[in-house]
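Just below is one structure, and these are the notes that go with it.
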Amino acid sequence: MEWIDKGDCKRAGEEINKGIELNEPRAYFLADFLFDATGCVDQDLERAAQYYRRAAELGETEATNFLGLMYGLGRGVEQDYRAAYRWYVFLKRNDAEFKSADASRELAQGYAMTITQMARSRVRYPPFTADEGTVYATFDVATGQVTFEKPADAPEPQRKLRVSSRFAFAIENAYAAAVKEAPRPDELRAMNFQFQTPWKFERK
């Protein structure tokens, strides 16, 4: 990523091509990133998706998240929340679970994980340290609303922490913006499914 960050597209391409020749997963990830979001070359989302897929198959965690998001939003691939879910969890998959998976649940999870990925990209927050706290944002796929809960097994000091109103407001707005942007299947409006995500915040 160094040469991309410096804006040296020629050197970035050379280094990426070297890595691809060696079948390095990170090189495939950077190649897809090159075609997706850098401006070094003309954007080609279909080609980016192909490189993300290869990077994911080689074990690149970031690629699975990017590819899941592409399927969730239909960028360079056909929009499909079930496929999005399977890519999000690709490196943690259990083949037996996949074969017996409930299609409606996969749809709900793919949608919720896409919304969460989008929300995370919109919010900047302080890094977590031992002296700070964590809450769970619970996203309801039927209503599109998010609520906050502290972990039930959190130590006593952390259970007493309060989420700053500014931080909570930023998260709520990020989820709301994602819900407006992402396609939302009608069948989710009647589904009882909540998806929890940990968010870390600074204690003040």
Side-chain angles (χ1 to χ4, degrees), residues 1 4-5 33 36-39 43 45 52 61-76 79-89 92 104-204:
M1 193 75 79
I4 295 176
D5 291 340
F33 192 71
D36 185 7
T38 64
Q43 190 179 58
L45 294 179
Y52 280 134
T61 302
E62 282 187 90
T64 65
N65 289 330
F66 275 84
L67 191 55
L69 190 58
M70 293 189 85
Y71 272 98
L73 298 178
R75 299 179 69 247
Q79 198 279 328
D80 185 339
Y81 284 125
R82 294 183 179 92
Y85 164 69
R86 288 177 174 236
W87 281 111
Y88 284 131
V89 300
K92 302 175 183 177
S104 294
R105 186 176 180 82
E106 282 191 342
L107 174 68
Q109 285 186 290
Y111 173 71
M113 294 173 85
T114 295
I115 295 296
T116 300
Q117 282 284 103
M118 296 170 70
R120 280 214 182 277
S121 71
R122 286 175 162 85
V123 177
R124 293 184 178 181
Y125 55 95
F128 179 74
T129 70
D131 294 325
E132 296 172 347
T134 302
V135 294
Y136 282 95
T138 301
F139 176 70
D140 190 306
V141 301
T143 65
Q145 300 297 308
V146 62
T147 55
F148 299 102
E149 299 176 22
K150 298 187 179 83
D153 59 350
E156 184 63 29
Q158 186 169 317
R159 289 203 297 273
K160 293 180 179 179
L161 290 176
R162 292 184 178 182
V163 184
S164 72
S165 58
R166 179 165 40 178
F167 181 49
F169 185 67
I171 296 175
E172 289 169 349
N173 281 348
Y175 274 94
V179 167
K180 287 183 179 179
E181 184 178 339
R184 189 179 180 195
D186 288 338
E187 61 189 280
L188 292 180
R189 298 180 187 278
M191 187 176 293
N192 181 22
F193 184 85
Q194 290 80 39
F195 183 77
Q196 285 192 328
T197 306
W199 289 77
K200 300 167 185 177
F201 67 98
E202 183 176 23
R203 180 172 60 181
K204 293 184 178 180

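Everything numeric in this text was worked out from a predicted model, so none of it was measured. In what follows, every heavy atom counts, from backbone to side chain, and hydrogens, waters and symmetry copies are set aside.
In this structure a side-chain-to-backbone donor-acceptor pair under 3.5 Å is present from Gln79 to Gly72.
Phe193 and Ala112 get closest at one heavy-atom pair: CE2-CB, 4.4 Å. Between Ala178 and Ala119, the closest heavy-atom pair is CB-N, 4.4 Å. When all heavy atoms of Val89 and Met113 are compared, the pair lying nearest together is CG1-CE, 4.0 Å. Pairing each heavy atom of Ala84 with each of Gly68, the nearest pair is CB-O, 3.2 Å. The two residues Val141 and Ala108 come nearest to each other via the heavy atoms CG1-O, 3.9 Å.
At a threshold of 4.5 Å between non-hydrogen side-chain atoms, the residues Thr147 and Phe139 do not count as touching. Residues Leu69 and Thr114 have side chains in contact (heavy-atom distance under 4.5 Å, counting atoms from C-beta outward). Between Phe195 and Ile115 there is no side-chain heavy-atom pair separated by less than 4.5 Å.
Shown here are the side chain to side chain donor-acceptor pair (under 3.5 Å) partners of Thr64, two or more places apart in sequence or in another chain: there are none. Applying the side chain to side chain donor-acceptor pair (under 3.5 Å) criterion to Asn192, with sequence neighbours excluded, gives Gln194. A search for side chain to side chain contact (heavy atoms under 4.5 Å, CB included) contacts involving Asp80 returns Tyr71, Arg82, Ala83, not counting sequence neighbours. Partners of Ser104 under the side chain to side chain contact (heavy atoms under 4.5 Å, CB included) rule, at least two apart in sequence or in another chain, are Asp102, Glu187, Met191. In terms of the ring-ring contact (aromatic ring centres under 6.0 Å, His included) criterion, residue partners of Tyr81 (sequence neighbours excluded) are, by chain and number, Tyr111.
Residue Asn65 holds its CG atom at 7.0 Å from OH of Tyr88, rounded to the nearest 0.5 Å. Separation of atoms CD (Gln109) and OH (Tyr85) is listed at 4.0 Å; rounding is to 0.5 Å. Here OG1 of Thr197 is found 9.0 Å from CD of Gln117. Values are rounded to the nearest 0.5 Å.
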Could you walk me through whether Trp199 and Val123 pass side-chain contact (heavy atoms from CB on, under 4.5 Å), step by step?
CA-CA 10 Å; Trp199 289 77; Val123 177; 3.9 Å; yes
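Sorted by first and then second residue, the pairs that involve residues 169-184 and meet salt bridge (charged side-chain N to carboxylate O under 4.0 Å, His left out), not counting sequence neighbours, are Arg122-Glu181.
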